[in-house]
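Throughout, protein chains are lettered first and strands after them, A, B, ... in sequence-line order, and every chain is numbered starting at 1. Keep in mind that the numbers below use all heavy atoms, side chains included, and drop hydrogens, waters and symmetry copies.
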Amino acid sequence: MKKFLNTADTYLTDALAGFAAAHPELSVNLESKVVTRARGPVAGKVGLVSGGGSGHEPLHTGFVGEGMLDAACPGEIFTSPVPDQATEAVRAVDSGEGTVLVVKNYTGDVMNFEMAAELLGEEGLQVETVLVNDDVAVEDSTFTAGRRGTGATLLVEKIAGASAARGDALSEVAEVGRRVNAASRSFAVALTACTTPSAGRPGFELPEDEIEVGVGIHGEPGRRREKLRSAGEIVSDMVDAILDDRPLESGAEAIVVVNGMGGTPLSELYLVYGEVAALLEERGVSIVRSAVGDYVTSLDMAGCSITVCEAQEDFLPLWDAPVNTPGLRWGV
Amino acid sequence: MKKFLNTADTYLTDALAGFAAAHPELSVNLESKVVTRARGPVAGKVGLVSGGGSGHEPLHTGFVGEGMLDAACPGEIFTSPVPDQATEAVRAVDSGEGTVLVVKNYTGDVMNFEMAAELLGEEGLQVETVLVNDDVAVEDSTFTAGRRGTGATLLVEKIAGASAARGDALSEVAEVGRRVNAASRSFAVALTACTTPSAGRPGFELPEDEIEVGVGIHGEPGRRREKLRSAGEIVSDMVDAILDDRPLESGAEAIVVVNGMGGTPLSELYLVYGEVAALLEERGVSIVRSAVGDYVTSLDMAGCSITVCEAQEDFLPLWDAPVNTPGLRWGV
Amino acid sequence: MDIELARAWVRGIDAAVERERERLGELDAAVGDGDHGENLRRGFSSAVEAVEAMDPDSVGAVLTKTGTTLVSRVGGASGPLYGSAFRAAGKRLAAERVEPEDVGAALSAALEEVRRLGGAQTGDKTMVDALAPAVDAFLKAVDSGGGLSEAARAAADAAEEGARATEPLQARKGRASYLGERSIGHLDPGAVSTALVLRALAEAAAQG
Amino acid sequence: MDIELARAWVRGIDAAVERERERLGELDAAVGDGDHGENLRRGFSSAVEAVEAMDPDSVGAVLTKTGTTLVSRVGGASGPLYGSAFRAAGKRLAAERVEPEDVGAALSAALEEVRRLGGAQTGDKTMVDALAPAVDAFLKAVDSGGGLSEAARAAADAAEEGARATEPLQARKGRASYLGERSIGHLDPGAVSTALVLRALAEAAAQG
Ligand SMILES: Nc1ncnc2c1ncn2[C@@H]1O[C@H](COP(=O)(O)OP(=O)(O)O)[C@@H](O)[C@H]1O
Ligand SMILES: Nc1ncnc2c1ncn2[C@@H]1O[C@H](COP(=O)(O)OP(=O)(O)O)[C@@H](O)[C@H]1O
Ligand SMILES: [Mg+2]
Ligand SMILES: [Mg+2]
Ligand SMILES: [Mg+2]
Ligand SMILES: [Mg+2]
């Protein structure tokens, strides 16, 4: 395993300590693993909290700040946080207006955040959960754990964050978050497996001429293995999968995220974006906003995900609203 | 080779086309390979232009925009641009106040930009060149091509960009750029080699337990090969190399960049930053600004560079000034 | 079962998990995210510390503490599932010394809780595939007059058998379900770890 | 040398570079950034197009056009160096037909320009290590009454010898100098490509 690390056991806390050192504007509790905006709850504002396994940086810790999350609770690598982290995060940011939890749809995340929400409810805190489940590689049926939460998390956290920042009520913040999720679909492809520090070697073996299609963000193998083809062909299949699941009519407007998994150069992501843009244009869909970069990663995996979100009228001003976080910043 | 691409020959133009699609606020000439701010020269403002081989994204194209570069000319992968690109870029942004060229110190870059500057001079345009040569892995002697330009380029372009944006004169913009370069030193380590699309395989073979120490940004091997050690040990050597070359006294203030080479997860970069911060603190140096992320990359190389710039009084307001580019954005 | 036996059980699980950590990780990497061994190691080593440090007044207190520690240390799917299972079991054992029948009821409660929380049926390729037959076997052994040691051995045998039987199944719950048919041909890591938990009980009971 | 021979030379370089592209890339990857083959392929294929499309009035026009095309298509270190070298040579050959002595003077001018621009001395492990002995050999052959074909063959032989001799050297210019002692034991890619350029001249002259 080739990584900048001291020991596998200290990887996460060392990285968090570095994050804390680099971002004095945030408050990082290395013991409990909770990251909050340094100045505490914002009076009159609904709180926005998210969390999940680590290894997806900048998600979620990198999205704490003005206009986005009030707190994040990073679990161990690829392991959802424990309820204590979520309760501490919510308590730290709740100003009395209630808190929205953004939870990616994984069995572990759902159960741990549910336990936290139950405890918080017993304490009299208002908590609403927004479940993100945008990944069309997984059938959303009773025969699976349901669609996974992936790239759309960026959109949900940005847009719900802006909604909370402008003073919307708890139910409104949750509602817009849910609508963003409902309007979003994603699909991902891996060129390589990733290596978790504790495993010390890649999660699966992938020959030089093969890719994993329909992967999640935890280094699992995907739905199927395929021969490596041209970017145009791969992206065309990805866009088909997304639009087959949730068709967009000609004339529709979309926000598109081309997201790197951690080991993909930016130039390749732009190349992929170019293919997506051409395919959507063919279908008469216009891209009104886009983001190309590493947002929801899988450690050192080479690969990318594409997220298409049908832009509803109120999404754009919220997307454009100022945001000031380590991982996303504009307008301030 | 595993990359999202169509053909090796079209890699660069496809990626640039995607960049153009994602950034309608910029004007991208796919024929001549020149990227400019869409609205042309800014009256009364000194122009700032940079360029170099491609494969280092977001550098330089991703730094075109308000508060930073007016234009960039990306050459072929790892190949400096040709003089025609540089002259076109300068002509496109020159408002009559002159233009500063930021050139990384490589034989090819220097010669091509020199030829361009000569031509532009003959046309009556004023051009000043700022040479970036911050990499202490190379001895700056007559027995080498001189220190390479690497991570400090980010600092030079940001700070000179802000200087130009606030209306400083040609000589002032060039001067502050040169002072930033003079105050900066960098050192880089690679965990893996990178693969250029045309070569189709890694530039060198590196065993699972070895790293290349003192690498540049073009996938060349470094000064020496070493056994992989803990992040703490590696970073300590890197910081020593930097501070041996340009010592900082206790009480000094520094801007620190921990830069990923393209294939390094953000969590590792933060981990490295944590080590740097601890080492500088031990020496009584306080980090007043920092940037952790991918800025000056080498395609898919896993590795990182550390840049330490002694912060002079006028650097900080210029670093903090608004910037709005694809790769760096704050304050607007 | 007495308090010391309960503690010995938790220590036994911890030792087994430590020993099998890498294998559990590999099983999880094949169909999931590879963290199952690490998750349980973190959880049970904390649980051992916690139950050694406490002065429990009942068998249940030991198991409840174990469950609470797992919930607050493990995360992922297995944290809430194992944690709640131990807590549910602990709730039923409010005495310093409990009979095999009580342990049977506690294991039943644990299974019930896992089913309720995770919604998995037998055959979905989860820990339920090991736990359900284990609880059956335990109850049956106690019914036919077996002691704790005997019942626990039967339960462990059944759990191991149940874990082995997950190999040909297609997962319908948890991360492995994302793989669809590609989950076939792999053991479920949670079922394998459940078998470790019950084997540890059998071994503790045999010595205790 | 006449205009057609000059064109044939450029075509010959293009063919050689196309054939040796991968090898030049590998040589450059060992001590540099691996783009030398690709750089020259891009440059000389454009140069061939350019000189085929033009209606030159002199040998020098062909070489100047080649140089200008290299400068505006290649980039990197080799673009300005080869480009300026061809332009410098072209400037000296302002006739439809030139003598071996003229070609010798043109090659000397090219070498001078490479030295001026790049600042490299013989022994610095650059293209100069192939070009300098080649020019010497060419001049000597012409001096002793040799024709173009003979002189070019002597130059090509000397360039190949010079390129081979770069192997044990430590680079002091260009990218390879970053490697310090690690540059020892590798051929300089630019010296190797310079030998290709001169061999192409020898072959064109032998046929023309
Ligand atoms: N819904 C569920 N019901 C019962 N057990 C489940 C369920 N989902 C997952 N599991 C069990 O959890 C195990 C995985 O645990 P672990 O790897 O620690 O968590 P995660 O899947 O969050 O990484 C699976 O092997 C399976 O036995
Ligand atoms: N200063 C110099 N003087 C003469 N030749 C040089 C100099 N620097 C580099 N070269 C030649 O250029 C060759 C490299 O060319 P190329 O790979 O195309 O450019 P780059 O080094 O910019 O990638 C070297 O092998 C060497 O022969
Ligand atoms: Mg997990
Ligand atoms: Mg080059
Ligand atoms: Mg797991
Ligand atoms: Mg080169």
Basic-acidic side-chain contact under 4.0 Å: A/Arg91, A/Glu88: no
Interface moiety of C/Arg42 toward chain A, non-hydrogen atoms closer than 4.5 Å: side chain
Residues C/Lys173 and C/Asp124 bridged, charged N to O under 4.0 Å: no
Under 4.5 Å from a heavy atom of chain A, the part of C/Ala171 involved: backbone
No-hydrogen, no-angle side-chain donor-acceptor test under 3.5 Å, A/Lys104 and A/His60: yes
A/Asn112 portion near chain C, given a 4.5 angstrom heavy-atom threshold: both
Winner by heavy-atom pair count (cut-off under 4.5 Å) against chain C, out of A/Val215, A/Val110, A/Thr79: A/Thr79
Proximal component of C/Gln170, with respect to chain A [non-hydrogen, under 4.5 Å]: neither
Side-chain donor-acceptor contact under 3.5 Å, A/Asp135 with A/Thr150: no
Modelled atom types, side-chain donor and acceptor of A/Thr99 and A/Asp94, under 3.5 Å: yes
Sidechain N-carboxylate O distance under 4.0 Å for C/Glu113, C/Arg87: no
Distance-only polar pair, side chains of A/Asp294 and A/Thr297, donor-acceptor under 3.5 Å: no
Salt bridge (Lys or Arg N to Asp or Glu O under 4.0 Å) evaluation trace for C/Arg7 with C/Glu4: CA-CA 5 Å; C/Arg7 273 185 169 138; C/Glu4 255 334 292; 2.9 Å; yes
Heavy-atom pairs under 4.5 Å with chain C, option from A/Glu139, A/Arg201, A/Glu114 with the top count: A/Arg201
Within 6.0 Å of CD in C/Glu181, more than 12 heavy atoms from elsewhere: no
Top of C/Ser183, C/Gly25, C/Gly32 for chain A proximity - count of heavy-atom pairs under 4.5 angstrom: C/Gly32
Chain A contact via C/Ser84 - side chain, backbone, both or neither, heavy atoms under 4.5 Å: side chain
Cationic N near anionic O, under 4.0 Å, C/Arg41 to C/Glu22: no
Residue A/Pro81 versus chain C: region with a heavy atom under 4.5 Å: backbone
Closest-packed option against chain C by number of heavy-atom pairs under 4.5 Å, given A/Phe78, A/Phe143, A/Phe204: A/Phe143
Under 4.5 Å from a heavy atom of chain C, the part of A/Val82 involved: both
Closest-packed option against chain C by number of heavy-atom pairs under 4.5 Å, given A/Arg147, A/Met115, A/Gln85: A/Met115
Region of C/Ala30 that comes under 4.5 Å of a non-hydrogen atom in chain A: backbone
Largest heavy-atom contact set with chain C, pairs under 4.5 Å, which of A/Gly219, A/Pro83, A/Ala199: A/Pro83
Plane angle bin for C/Trp9 and C/Phe86 - parallel if under 30°, tilted between 30 and 60°, otherwise perpendicular: tilted
Options C/Gly83, C/Ala176, C/Gly75, ranked by heavy-atom pairs under 4.5 Å with chain A, top entry: C/Gly75
Residue, of C/Asp35, C/Leu81, C/Leu117, that accumulates the most heavy atom pairs under 4.5 Å with chain A: C/Asp35
Separation between CZ of C/Arg175 and OG1 of C/Thr126, rounded to the nearest 0.5 Å: 14.5 Å
Portion of C/Val71 that has a non-hydrogen atom of chain A nearer than 4.5 angstrom: both
A/Glu212 portion near chain C, given a 4.5 angstrom heavy-atom threshold: side chain
Contact leader toward chain A among C/Gly76, C/Ala77, C/Pro80, where contacts are heavy-atom pairs under 4.5 Å: C/Gly76
